[in-house]
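In what follows, every chain begins at residue 1, and chains take the letters A, B, ... in the order their sequences are listed.
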Amino acid sequence: MPRPQPLSGFPELLPRQRIVEQQVVDHLRRAFELHGFANVRTRAVEPMDQLLRKGETSKEVYVLRRLQADSGSGDAGLGLHFDLTVPFARYVLENAGKLQFPFRRYQIQPCWRGERPQEGRYREFLQADIDIVDQGELPAHYEVEIPLVIADALRGLPLPPVRMHVNNRKLSQGFYQGLGIDDTEEALRIIDKLDKIGAEAVAKLLMDELGVGPEQAEACLRLAEITSADASFVDEVKALGVANPLLEEGLSELAAVVEAAAAEAPGLVVADLKIARGLDYYTGTVYETFLEGHEGLGSVCSGGRYDTLASDGKHTYPGVGLSIGVSRLLVPLLQSGRLTATREVPTCVLVAVAGEEDRSASNAIAQRLRARGIPTQVSPSAAKYGKQIKFADRRGIPFVLFSGEDGHQMRDIRSGEQVPVDLDSWEPPAEDLHPRIVAE
RNA sequence: GUGGUCGUAGCUCAGCUGGUAGAGCGUCUGGUUGUGGUCCAGAAGGUCGCGGGUUCAAGCCCCGUCGAUCACCCCA
């Protein structure tokens, strides 16, 4: 069999890289739980009409087909989910009677999109999603809380600093309304291209597509240019001289988010009035997050507030959430070697074997260490000690234990230091017990 | 999904106007008779991504395909 090639857009990690991913996921999980989020796992598939509702046109959904299905039989119409928000909305409706509201949950699962892969964009990727959903009304303070939870979760990971750009759709759309623009959705979509195609091209699009005048287009651009790390953007917007009730609402909501974030996580959040978000189910605050030095990757953590994503006709369940693109964040850093683990196996101690006749004794020694939570494996062969040390070195295992008539000796193979130890009390330094993530 | 660039040993790469494949690093063995990393000597390792075509002859030219990457689209 020829060596199989990777499948485009379906990245697989080596053990050392997977250790990093696993530890990041563990870290996120711990952080989310510290904030009281319960875990939920939803199925991989959703009915197509769920996935395609809300006019999400070209989501490149992977459709599920049974090979043996009769061509004539009714199609189940299932597709793999492309994010975790849509399945969660469905889950909330399905279980509304059994859930307590406001309901806060986190969900860490793969998602699938049939798009052409690029660095940081894959066809199968891991997403870590938190949402808070309430019944009827969702208090605005959750729009402040959610980014702070994310900030907390990302803190402590050896990643480049992140900056969250926040806007409020009411603000932008109210502003456009105040200018007399009807299709505010389309205006947002065009403004969203500002970074890519530049001010002139955006102005042209606004005039050509929406028929707005040059002064209106100019006003839209002036709004989009506004950015601030505190609430000072409010005055800047007001100076543009547009009045609209929706705009006022958006201004005060965004100011609340930015001020609270500045107080609790200085430097994390910046108001950026050009952020729009493509997904049209967002109705208030929207978030995009960039890795400093890796802005080209795009947003590594996005979300926002949605008022009507889940509705059964009688009740609506407004929510606010953010998704960390774990794969987008990690895979490029792992593949370029900027992020790695201190070793490629969990093993902390390799127990040397003097001769095959001593293997069961070595097994017993290993078991004593494991009983105290120290990941331990026994040397695969009774080769020369130099080879056994090499075996550990290759894998990054920090300690090798030798046993003989005169007791046990623990060798730190990084320093070469070797000391007699008592098996039942020896502890590795805390940082050596498990592999750690290291940057650069 | 549309278009561009790229694909040679495990890794990084060389390979002339087409003439049957090279280096460094790594790996293995020995020097080193039970304590690695240095040094020295030697060895293994390639259907040149894959398939087809042109040619006396293809790593090199042409077509297709797969993969990587970039732009568009969209977005985690």
- Query: Should the pair A/Arg414 and A/Phe399 be classed as cation-pi, given the thresholds of under 6.0 Å to the six-membered ring centre and 45° from the axis?
  - Reply: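 The answer is yes; both the distance and angle limits are met.
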- If you draw the axis of the six-membered ring of A/Tyr282, does the NZ or CZ of A/Arg169 fall within 45° of it and under 6.0 Å from the ring centre?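 No; the conditions do not both hold, so A/Arg169 does not lie above the ring face of A/Tyr282.
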Contact class for [X] (heavy atom, under 4.0 Å): base, sugar-phosphate, or nothing?
X: A/Cys111; value: nothing
X: A/Gly386; value: sugar-phosphate
X: A/Ala382; value: nothing
X: A/Val353; value: base
X: A/Gly9; value: sugar-phosphate
X: A/Tyr122; value: base

Between [X] and [Y], how do the two ring planes meet: parallel, tilted or perpendicular, split at 30° and 60°?
X: A/Tyr91; Y: A/Phe88; value: parallel
X: A/Phe290; Y: A/His165; value: perpendicular
X: A/Tyr281; Y: A/Tyr306; value: perpendicular

What is the separation between atom [atom1] on [X] and atom [atom2] on [N], rounded to the nearest whole Å?
X: A/Leu401; N: B/rU35; atom1: CG; atom2: C1'; value: 13 Å
X: A/Leu297; N: B/rU69; atom1: CG; atom2: C1'; value: 13 Å
X: A/Gln335; N: B/rC70; atom1: CD; atom2: P; value: 11 Å

If only side-chain N and O atoms of [X] are considered, is one of them under 4.0 Å from the OP1 or OP2 phosphate oxygen of [N]?
X: A/Lys387; N: B/rU29; result: yes
X: A/Arg394; N: B/rU27; result: yes
X: A/Ser8; N: B/rA68; result: yes
X: A/Gln388; N: B/rG36; result: no
X: A/Lys193; N: B/rC74; result: yes
X: A/Lys390; N: B/rG37; result: no

- Whichever of A/Phe10 and A/Gln409 has its nearest RNA chain B nucleotide further upstream toward 5':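 That would be A/Gln409.
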- In A/Gln17, A/Gln23, A/Arg18, the residue satisfying side chain to side chain donor-acceptor pair (under 3.5 Å) with A/Glu21 is A/Arg18
- For the side chain of A/Arg116 and the base of B/rC74, is some donor closer than 3.5 Å to an acceptor across the two? no
- Tell whether A/Asp393 reaches the base of B/rG37 with its side chain through a donor-acceptor pair below 3.5 angstrom. no
- Would you indicate which nucleotide in B/rC75, B/rG37, B/rU32 comes nearest to any side-chain atom of A/Lys384? B/rU32
- Candidate nucleotides B/rC74, B/rG36, B/rA71, ranked by approach to the side chain of A/Ile413 - the nearest: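 Looking only at heavy atoms from C-beta outward on A/Ile413, the closest nucleotide is B/rG36.
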- Using the C1' atom as the reference point in each nucleotide, state the distance between B/rC28 and B/rC66 in Å, no decimals.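 So the two C1' atoms sit 33 Å from each other.
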